Amino acid sequence: MRSTRNLPDLLNELELTGRSRSHVIDAADIGCTLHRDAMSAFLVMREAAKGAGLDLRVASSFRDFDRQLAIWNGKFRGERPMLDRAGNALDVASLSPEGRVEAILIWSALPGASRHHWGTDFDVFDAAALPERSRLQLVPGEYASDGPFAPLTSWLDAHMHRFGFFRPYVGPNDGGSPRGVSPEPWHLSFAPLATRCSNQLTPQVLYRAIESSSIDGREIVLARIEDLYERFVADVAPASTASLAVELGDYRRMV
Ligand SMILES: [Zn+2]
């Protein structure tokens with residue numbers, strides 16, 4: 001495996017934490033915003049999947065800090081539904097500020113720490129397999145062997161690695177990390193870039209982004225930044241060897 005430790009920083013600190021969008025480009029026709037190398041690889045993979053009858057679409061790609069902040073503060077204030085690990089609604093009013101921070105992080109990233117800030121990660125589904133008149137829910141059941149996206153899951157298992165993609169939120173045996181983020185079989189990451197971003201995103205970088213923001217629960221988050229970083233940011237499945245072997249720009253000339 002090539003080491004990414006000695007490469008220069010890929011993104012500046014504002015880009016890395018979603019406070020700038022100078023590192024991403026838009027593909028308006030498919031509603032997708034990514035770093036150009038992740039975009040190239042995705043578009044080539046999308047073409048390959050078409051041959052298997054799949055219509056790969058992106059439900060969410062680049063997301064900025066302010067968007068993540070709105071999600072966070074909405075949950076913290078009880079303006080958006082908050083769910084426990086089993087997917088049941090939580091009564092926000094009954095939770096302490098510490099309890100709210102813990103509960104939000106099961107399903108939503110800390111602003112500044114979302115992999116969606118990097119332009120390397122996105123949530124994928126198969127538009128051709130979405131049952132008529134039903135809405136995409138992004139729940140594990142849709143991607144399981146008896147769900148509508150089972151063919152997508154199998155196809156990705158077999159092919160995504162050679163395009164540079166892996167699933168950071170699906171561990172061995174399909175479990176998420178027991179202490180951290182819940183399993184997200186729809187979330188793909190472009191390993192050649194994302195590995196460098198994850199090396200760059202330290203607790204100190206995150207601290208600085210949170211410190212200068214208007215996030216609810218800021219003092220709690222800052223006081224516990226090392227612990228939250230370990231459990232909810234660093235604790236992801238490693239990139240596969242095959243996905244890491246893809247060279248940056250391999251797919252650039254093909255689109
Ligand atoms: Zn995602």
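The structure displayed is predicted, hence computed values, not measured ones. What's counted below: heavy atoms across the whole structure, side chains too, no hydrogens, waters or symmetry copies. Sequential numbering from 1 along the given sequence is applied to the chain's residues.
- A donor-acceptor contact under 3.5 angstrom links the side chains of Ser240 and Ser243, judged on distance only.
- Checked by atom type and distance alone, the side chain of Tyr229 pairs as donor or acceptor with a backbone atom of Leu201 at under 3.5 Å.
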Verdict with reasoning, Tyr207 to Leu222, per side chain to side chain contact (heavy atoms under 4.5 Å, CB included): CA-CA 6 Å; Tyr207 190 100; Leu222 291 178; 3.7 Å; yes
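- Atom CZ of Phe42 sits about 8.5 Å away from atom CG of Leu188, to the nearest 0.5 Å.
- At least one cation-pi condition fails for Arg57 and Phe125: the charged atom is not both under 6.0 angstrom from the six-membered ring centre and inside a 45 degree cone around its axis.
- No donor-acceptor pair closer than 3.5 Å links the side chain of Ser114 to the backbone N or O of Leu110.
- Remark: the backbone N or O of Phe149 is paired with a side-chain donor or acceptor of Thr153 at under 3.5 angstrom.
- The only option from Glu102, Glu219, Glu98 that meets the side chain to side chain donor-acceptor pair (under 3.5 Å) definition with Arg224 turns out to be Glu102.
- In this structure, Ser108 contributes its side chain and Leu105 its backbone to no donor-acceptor pair below 3.5 Å.
- Looking at every heavy atom in both residues, Met39 comes nearest to Cys32 through CE-O, 3.4 Å.
- Arg46 has a carboxylate O that lies under 4.0 Å from a charged side-chain N of Asp55, or vice versa, which qualifies the two as a salt bridge.
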Step-by-step side chain to side chain contact (heavy atoms under 4.5 Å, CB included) determination, Asn88 to Leu83: CA-CA 5 Å; Asn88 302 311; Leu83 306 177; over 6 Å; no
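- Contact between Gly31 and Ser61 at its shortest, heavy atoms only, is O-OG, 4.3 Å.
- In this structure, the side chain of Gln68 engages the main chain of Ala109 through a donor-acceptor pair within 3.5 Å.
- Side chain of Glu142 to main chain of Gln137: a donor-acceptor pair is present (N/O by atom type, distance under 3.5 Å, no hydrogens or angles).
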Report the C-alpha distance between Tyr251 and Met45 in whole Å, list the side-chain angles of each, state the deciding distance to 0.1 Å, and finish with yes or no for side chain to side chain contact (heavy atoms under 4.5 Å, CB included). CA-CA 9 Å; Tyr251 294 104; Met45 181 166 81; over 6 Å; no
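- Panel note: side chain Asn12, backbone Glu15; a donor-acceptor pair is recorded below 3.5 Å.
- Residues Trp107 and Asp84 come closest through the heavy atom pair NE1-O, 3.0 Å.
- The aromatic rings of Phe165 and Phe122 sit perpendicular, their planes meeting at an angle over 60°, well past the 30° parallel limit.
- Contact record, Arg135 with Leu130: C-CD1, 4.5 Å, taken as the closest heavy-atom pair.
- A distance-only check finds a donor-acceptor pair linking the side chain of Asp250 to the backbone of Glu247 [under 3.5 Å].
- Salt-bridge annotation for Lys50 and Glu47: present, with a side-chain N of the basic residue lying under 4.0 Å from a carboxylate O of the acidic one.
- In terms of modelled atom types and a separation under 3.5 Å, the side chain of Ser189 and the main chain of Ala191 share no donor-acceptor contact.
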Could you go through Phe190 and Asp121, starting from their C-alpha distance and side-chain angles, then the distance that decides it, and tell me whether this counts as side chain to side chain contact (heavy atoms under 4.5 Å, CB included)? CA-CA 6 Å; Phe190 186 58; Asp121 285 46; 5.9 Å; no
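- Ion pairing of Asp157 with Arg167 is present here, as a side-chain N (NZ or NE/NH1/NH2) and a carboxylate O approach within less than 4.0 Å.
- In terms of heavy atoms, Arg218 sits closest to Ser213 at NH1-O, 2.5 Å.
- Using cut-offs of 30° and 60° on the angle between ring planes, the pair Trp155 and His159 is tilted.
- A side-chain donor from one of Asp123 and His187 sits under 3.5 Å from a side-chain acceptor of the other.
- Each side-chain hydrogen bond (donor to acceptor under 3.5 Å, both in side chains) pair with one or both residues in residues 25-41, not counting sequence neighbours, appears once here: Arg21-Asp26, Asp26-Thr33, Asp37-Arg252.
- Under the 4.5 Å side-chain heavy-atom criterion for grouping Ile, Leu, Val, Met, Phe, Trp and Tyr, Leu206 is not connected to Ile71 through any hydrophobic cluster.
- Ser134 places a side-chain N or O within 3.5 Å of a backbone atom of Pro131 that can act as its donor or acceptor partner.
- For Arg67, the CZ atom is loosely surrounded, since the number of other residues' heavy atoms within 6.0 Å does not exceed 12.
- Within the structure, salt bridge (charged side-chain N to carboxylate O under 4.0 Å, His left out) pairs that include any residue of residues 70-81 comprise Arg77-Asp216 (at least two apart or interchain).
- In terms of heavy atoms, Pro111 sits closest to His117 at C-NE2, 4.0 Å.
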